[in-house]
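A quick write-up on the structure given underneath.
Here, residue 1 is the first one in the sequence, and each next residue gets the next number.
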Amino acid sequence: MGLAGGPGRARLRGRRGGVRQRAVLPQLAARGVAAAGRPDRAAPVSSMSVQTHPHLGPARENLAVEELLRDSGMAWTVLRPTQFASNALWWAAAIREGRPVRVPYADTALPTIHPADIAAVARVALTEPGHRGRTYALTGPERVTPRQQVASIATALGREVPIEEIGREEAHGPLSAVMGAESAAAVLDLMGGDLNEELLRVRDTVATVTGTPARPFEQWVVENVAAFR
């Protein structure tokens, strides 16, 4: 999810047994496929919002990319992750400077996923049999609130990190400046403004596909605590 799966320019590439494989973030999927001359396998990183909030503009864009790949004739596996643990990096500057983390929906718990688990599922999908034509909804092992995330960061830093809950309208302005008004509204819906059971559901897909349990948010914090110092 953009938040939940935020836009980026990363690609996971590999070669095994002479087969070209690629996991592509959704905004670059069409461009990456064309540039690669129709690779044999693709694992686009879409978004959980395609199934939880299909009416949102970003979800429709992700679905369009999924449909493009389904019609392409290549072997595909679609990955639909929820909110990334690494979205906590939005708070890094405030925490480093000793300012409060200002966040809406501070007590809304979502099953945040470690980006490494998305990569692990993509690797299996691209290199092992049995995943062609599958769509995998991906979450972390448990739901966690922004307040709990901030507390985990504080524990790793060994100091208090203040948090201040703000309203939706106050949060919308800064987000709009970065991503536009429509995307900002969609992100806020997915953060807690428009909850449903699909969005809140914890799934065991990571463990089922990779054979390894999904990583908890605390592990992401330990691995990335330097960003907050």
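Here the side chains of Leu188 and Pro104 are in contact, with some heavy-atom distance below 4.5 Å. Side chains of Glu164 and Val101 form no contact here, defined as non-hydrogen atoms less than 4.5 Å apart. Counting only heavy atoms from C-beta outward, the side chains of Leu89 and Phe228 approach each other to under 4.5 Å. The closest side-chain heavy-atom distance from Thr139 to Met48 is below 4.5 Å. Side-chain atoms of Thr82 and Leu138, non-hydrogen and from C-beta on, never get closer than 4.5 Å to each other. Side-chain atoms of Val103 and Glu165, non-hydrogen and from C-beta on, never get closer than 4.5 Å to each other. Put simply, the side chain of Pro115 reaches to within 4.5 Å of the side chain of Trp220, judged on heavy atoms. For the pair Phe217 and Glu142, the minimum side-chain heavy-atom distance is 4.5 Å or more.
With rounding to the nearest 0.5 Å, the separation of CD1 in Ile153 from CZ in Arg159 is 10.0 Å. Separation of atoms CD1 (Ile95) and CG (Leu157) is listed at 7.0 Å; rounding is to 0.5 Å. The distance from atom CZ of Arg41 to atom OG1 of Thr127, rounded to the nearest 0.5 Å, is 7.0 Å. Rounding to the nearest 0.5 Å gives a distance of 8.5 Å between CG of Asn87 and CD of Gln149. Going from atom OG1 of Thr112 over to atom CD of Gln83 covers 4.0 Å, rounded to the nearest 0.5 Å. Note that NE2 of His114 is 11.5 Å distant from CZ of Phe84, once rounded to the nearest 0.5 Å.
Residue Thr210 comes nearest to Val206 through the heavy atom pair OG1-O, 2.6 Å, listed as atom of the first residue, atom of the second, then distance. In terms of heavy-atom proximity, Gln51 sits nearest to Ala137 at NE2-CB, 3.8 Å. Nearest heavy atom pair, residue Ala42 against residue Leu69, reads CB-CD2, 4.5 Å. Counting all heavy atoms, side chain and backbone alike, Gly73 lies closest to Arg132 at O-NH2, 4.1 Å. Gly192 and Thr108 get closest at one heavy-atom pair: CA-CG2, 4.0 Å. Looking at every heavy atom in both residues, Ser46 comes nearest to Val78 through CB-CG1, 4.0 Å.
Hydrophobic clustering places Val225 together with Trp90 (ILVMFWY residues linked when any side-chain heavy atoms are closer than 4.5 Å, directly or through intermediates). Tyr105 is not connected to Ile166 by any chain of hydrophobic side-chain contacts under 4.5 Å among Ile, Leu, Val, Met, Phe, Trp and Tyr, and they are in different clusters. Cluster annotation: Leu190 is not connected to Val50 through the hydrophobic network of ILVMFWY side chains, with a link wherever side-chain heavy atoms come within less than 4.5 Å.
Both tests hold for Arg70 against Trp76: distance to the six-membered ring centre under 6.0 Å, angle to the ring axis within 45°.
Side chain of Asp204 to backbone of Ala207: no donor-acceptor contact under 3.5 angstrom is found. Under the 3.5 Å distance criterion, the side-chain polar atoms of Arg168 are left unmatched by any main-chain donor or acceptor of Gly193. With hydrogens and angles disregarded, a donor-acceptor distance shorter than 3.5 Å links the side chain of Thr77 to the backbone of His131. Arg215 places no side-chain N or O within donor-acceptor distance of the main-chain N or O of Ile113, the cut-off being under 3.5 Å. Side-chain atoms of Arg143 come within 3.5 Å of backbone atoms of Leu200 as a donor-acceptor pair (strictly under, hydrogens ignored).
A salt bridge links Arg203 with Glu198: the closest approach of a Lys/Arg side-chain nitrogen to an acidic carboxylate oxygen falls below 4.0 angstrom. Between Arg80 and Glu66 there is a salt bridge, since a side-chain N of the basic residue sits under 4.0 Å from a carboxylate O of the acidic one.
The number of heavy-atom neighbours closer than 6.0 Å to CD of Glu160, taken from other residues, nucleotides and ligands shown, is 12 or below.
His53 and Ser49 share no side-chain donor-acceptor pair at under 3.5 Å.
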For Leu63 and Arg60, what are the C-alpha separation, side-chain angles and deciding distance, and is it a side chain to side chain contact (heavy atoms under 4.5 Å, CB included)? CA-CA 5 Å; Leu63 179 59; Arg60 293 195 300 270; 5.6 Å; no
